[in-house]
Undergrad: 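Structure below; questions to follow.
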Protein chains: 2
Amino acid sequence: MANEGVVAKGIARREEILEIALDVFARSGYRGTSLREVAEIAGLTQAGLLHHFGTRENLLVEVLRRKEQLGREEHPDVAGTPYGLSAALRNNTSTPGLVELHSVLATQAADESHPAHEYFTERYANMRARLSADLRRRASAGEFDSRIDPDRLATILVALADGLQVQWMLDGSIDMSAHFDELLGLLRADTAGPPVA
Amino acid sequence: MANEGVVAKGIARREEILEIALDVFARSGYRGTSLREVAEIAGLTQAGLLHHFGTRENLLVEVLRRKEQLGREEHPDVAGTPYGLSAALRNNTSTPGLVELHSVLATQAADESHPAHEYFTERYANMRARLSADLRRRASAGEFDSRIDPDRLATILVALADGLQVQWMLDGSIDMSAHFDELLGLLRADTAGPPVA
DNA sequence: GTCTATAAGTCGATAGAC
DNA sequence: GTCTATCGACTTATAGAC
């Protein structure tokens, strides 16, 4: 079928546009980015852009999914572990725009009427659940301080990662992964506890 | 002078409007709130509102200063200490709108062109400096784990507080201050270290 | 101090030609 | 698949009457 080539081309173009939209939203956030701005940079008109995604909200969701997918492809080995969070922080240093995209949207999505509210609610719940399970295993193996509940520690570590990103965005000299790793070191069972003497 | 009464009335009206603007911004954030929305709720027109504050950005800055002032009046005793952060988190539970205002604006202000960029940069630097000094004193007094640098711990605790707010906004069942206090407990010198046996 | 009126611009979305 | 053209609604800000 000669049709397949045409469809593939259409999909490729859509992916191309999505990549550009990711960059633009990353720079300007949800409410600060217009369809016209994305379209112009992608080399088409606003109407042409809507042909591919239907509505603005639809485009936003697609952008978020693409971002998640990129993150998963980056560090598949440590996904769902505290070291995965640390690696993500280290990696985020090279993509400040995406950090801003995530932070801005995650806070704006607190509003239940926000189109990405459900997306973020589920994302955080999943992240905590997977991290908690991993921490529980590590505590059983004697790797981590077992005085704290894995569920609680998971929430704390995710919060620490998010909060470090906020401060890093405002002051780029802050070393996110170094701070994260330092707390992590204090919570490892083999190093926990102050010097006895 | 009969003039004084008139001026006082004008100031009172301005304060009244500011209080309303605080609520509205708290609900919808900076970019999501129009002057007309604030004006309508305050019982005047958009032009009347601008008479008091000149520009939209100016109103925003006034709202932020007012918010800071309210926070300082709340817990003057523990200001600049880790217990102050904990108290703030406990208090924030009753004002979700203000939590959203802070989080949304702090992340949006990462953009250097944002009208509140400098405000937040300075605010975080000040908070870290004051908290760090307090932690240093407490470490010297043997109250806190001294294996971690006070500067680093200050950054970590501020980040934890911010990150917990993000997760709480998305899932109100998360107990912010409980999580914060739990980590704090592990970092106190008199409780640090895992059970020996 | 507050109003009406309006300038000058943005936005998302749709219709219809090609 | 992309375009032009356009709609209706919204925005901040200003000018000038009262």
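Convention: sequence-line order gives letters A, B, ...; per-chain numbering from 1.
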Undergrad: Write down the distance between CG (A:L44) and P (D:dT4), rounded to a whole number of angstrom.
TA: 11 Å
Undergrad: On a heavy-atom basis, which atom in A:W168 and which in A:I174 lie closest, and how many Å separate them?
TA: CD1-O, 3.1 Å
Undergrad: What are the two closest non-hydrogen atoms of B:L157 and B:P82, and how far apart are they?
TA: CD1-CB, 4.1 Å
Undergrad: Rounded to the nearest Å, what distance is computed from the CG atom of residue B:L35 to the P atom of nucleotide C:dC3?
TA: 14 Å
Undergrad: Rounded to the nearest Å, what distance is computed from the CD atom of residue B:E40 to the C1' atom of nucleotide D:dC10?
TA: 14 Å
Undergrad: Respond yes when some side-chain nitrogen or oxygen of A:S34 is under 4.0 Å from OP1 or OP2 of C:dT10, and no when none is.
TA: no
Undergrad: Any donor-acceptor pair under 3.5 Å linking the side chain of A:R14 with the backbone of A:H52?
TA: yes
Undergrad: If two hydrophobic side chains count as joined below 4.5 Å and joins carry through other members, does B:Y83 share a cluster with B:L187?
TA: yes
Undergrad: So if I take residues 47-59 of chain B and measure heavy-atom distances to DNA chain D, which residues fall below 4.0 Å?
TA: B:A47, B:L50, B:T55, B:R56
Undergrad: Counting N and O atoms only, with roles assigned by atom type, does the side chain of A:Y124 sit under 3.5 Å from a partner on the main chain of B:L170, one being a donor and the other an acceptor?
TA: no
Undergrad: Between C1' on D:dC10 and CD on B:E37, what's the gap in Å once rounded to a whole number?
TA: 12 Å
Undergrad: Can you tell me whether the side chain of A:R13 and the base of D:dG1 have a donor-acceptor pair closer than 3.5 Å?
TA: no
Undergrad: For B:R66, is there an ion pair with B:E19 - N to carboxylate O distance below 4.0 angstrom?
TA: yes
Undergrad: Tell me which residues in residues 16-25 of chain B put a heavy atom below 4.0 Å from DNA chain D, sorted by number, or none.
TA: none
Undergrad: Side chains of A:R90 and A:S86: do they bring a donor and an acceptor to under 3.5 Å?
TA: yes
Undergrad: Output the rounded distance in Å from CZ (B:R36) to P (C:dC11).
TA: 17 Å
Undergrad: Can you name the nearest heavy-atom pair linking B:G80 to B:D134, along with the distance?
TA: O-CB, 3.3 Å
Undergrad: Regarding A:R65 and A:E68, does a basic nitrogen lie under 4.0 Å from an acidic carboxylate oxygen?
TA: no
Undergrad: Go through D:dA13, C:dG12, D:dT4 for me and flag the one nearest to the A:T45 side chain.
TA: D:dT4
